[in-house]
Amino acid sequence: MASDPAEAEALDCERQIIVEAQRGNLNALRPLLEKYATPLYSSVILPRVGDAVAAEDILRDTFYTAVTKINQFKWQGRSFFAWLRQIAVNKAYDLHRKSKRQRKLADSLRRELPSESAPESSADAMLIAAQERAISRERIDGTLVEISERYRTAIQLRLIDELPREQCAAKLEVSIGTFDVLLYRAVRAFRKHYGSR
Amino acid sequence: MAHDDDIPTPDAPETPAETAKAKAFGELVEGMVSDQTPPPALAFEDRALLETATMIRAGSHDAFDLPADRRNAIIDAALESGAGIERDAAPQSSVADELAQRRLRRMAPWAATAVAAAAAVFLWLRPPGGQAPVNERPVPVAQQSRPADALVGRIDRAHAGDASARIDQMFADRSAGYRAVRFRRQGGDQ
């Protein structure tokens, strides 16, 4: 539930938009979709699918589902983002389930589905997105501890800290070519352990 | 830390093949970090590893943004699709009517052909005018099915045992009628 007057006002505004859309004016949803598109894409979908094109497809499907099934939405005092998030997570899971190479990840996501209601403690969409990021980071950190320290460092430097290849190689005191091999092996090891958690 | 049988340890020497793959993967990661679109045709493993790297990067911080034009295109498509579904929901009955009409138009030639064929068969089987059908000619009594009482008469008690004679009499009478029918069909007349 909303914890301050500004948040309560924002929620009430959302509620009115939903009511208008459920009366038949679907375009009334546009402000909400514009507001939540990026956090949904970058915090919820992309960390789960890892492919920008697939993430856009899921975002499009999520919005399509939300628009066509808006009459099924029941206002419960939480941000509309929570509902969008639930739809998006389910679609990400469906995508993994259909893809052979992501089958283990699908199993991992499926274990996560019952706890999807966890972030609903806050009605604010941005807080929900932040909690999503925290969940993703926890999942990543939990996998990193299972691989070699050298591999963990390679991933940390290149993918999380986003340092250039040359700088990463210098920190590890190896050549750029050797660093490429380290990163290649590191991501393979990460992938192997990620879906089995 | 789990040991991965198929993944070399960090200190294991690299093979030329692995070096080449690693270099190619490094360039894909470079493109990903620079927000470039990956090549459409990637090997299975390369795509899987790139997705893993993207997930790590996206899950760690707000590294990825959705361009405004892509965002608006997605929203426009969703709203238009939703509006389209509402439009399509109303004239469902007209679609059904149109299908029924199409079905009738498709069956019409076959129905007309069937009626014409039935008429042709009827006309062919109908006897020509001015000639009375055979079954309308009066059938002589001798050729009709009839009881034998008039032929045999009342049977006296004294002649009760003469059944064979009576049977012969009936047989002769019926045979006469049979022969008449046979001769008439063969052109004779009696």
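The model shown is predicted, which means the values in this text are computed figures rather than measured ones.
- There is no contact between B:Pro67 and chain A, counting heavy-atom distances below 4.5 Å.
- Looking only at heavy-atom pairs under 4.5 Å with chain B, the residue among A:Ala134, A:Ala55, A:Gly50 that has the most is A:Gly50.
- Every residue two or more places apart in sequence or in another chain was checked for a side chain to side chain donor-acceptor pair (under 3.5 Å) with B:Asp46, and none qualifies.
- Residue contact with chain A, scored on non-hydrogen atoms closer than 4.5 Å, involves the backbone and the side chain of B:Ala12 alike.
- Contacts between B:Glu30 and chain A at a heavy-atom distance below 4.5 Å involve backbone atoms as well as side-chain atoms.
- Shown here are the side chain to side chain donor-acceptor pair (under 3.5 Å) partners of B:Arg166, two or more places apart in sequence or in another chain: there are none.
- There is no side-chain donor-acceptor pair under 3.5 Å between A:Gln22 and A:Asn71.
- Screening A:Thr65, A:Asp61, A:Asp57 for a side-chain hydrogen bond (donor to acceptor under 3.5 Å, both in side chains) involving A:Lys91 leaves a single residue, A:Thr65.
- Taking non-hydrogen atoms and a 4.5 Å limit, the residue list of residues 167-174 of chain B in contact with chain A is empty.
- Each of B:Glu27, B:Arg70, B:Met32 has some count of heavy-atom pairs under 4.5 Å with chain A, and the biggest count is that of B:Arg70.
- Using a 4.5 Å cut-off between heavy atoms, A:Leu183 touches chain B through backbone and side chain atoms alike.
- Contacts of A:Ile155 with chain B are made by side-chain atoms alone, with heavy-atom separations under 4.5 Å and no backbone atom involved.
- Classification of the A:Trp75-A:Phe73 ring pair by plane angle, with boundaries at 30° and 60°, yields perpendicular.
- Contacts with chain A were tallied for B:Gly59, B:Gly26, B:Ala78; B:Gly59 has the most, counting heavy-atom pairs under 4.5 Å.
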Output, in order, the C-alpha distance, side-chain angles, deciding distance and verdict of salt bridge (Lys or Arg N to Asp or Glu O under 4.0 Å) for B:Asp76 and A:Arg30.
-> CA-CA 8 Å; B:Asp76 289 342; A:Arg30 183 178 291 274; 2.8 Å; yes
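- Counting only N and O atoms by type, the side chains of B:His159 and B:Asp162 include a donor and acceptor under 3.5 Å apart.
- Taking each heavy atom of B:Ile74 and A:Leu59 in turn, the nearest pair found is CD1-CD2, 3.9 Å.
- The most heavy-atom pairs under 4.5 Å with chain B, out of A:Arg185, A:Arg137, A:Arg188, come from A:Arg185.
- For the pair B:Thr19 and B:Glu14, the tightest heavy-atom approach, listed with the atom from each and the gap, is OG1-CG, 3.4 Å.
- When the side chain to side chain donor-acceptor pair (under 3.5 Å) test is applied to A:Glu34, no partner is found at least two apart in sequence or on another chain.
- If you tally non-hydrogen atom pairs under 4.5 Å between each of A:Phe63, A:Tyr41, A:Tyr151 and chain B, the highest count goes to A:Tyr151.
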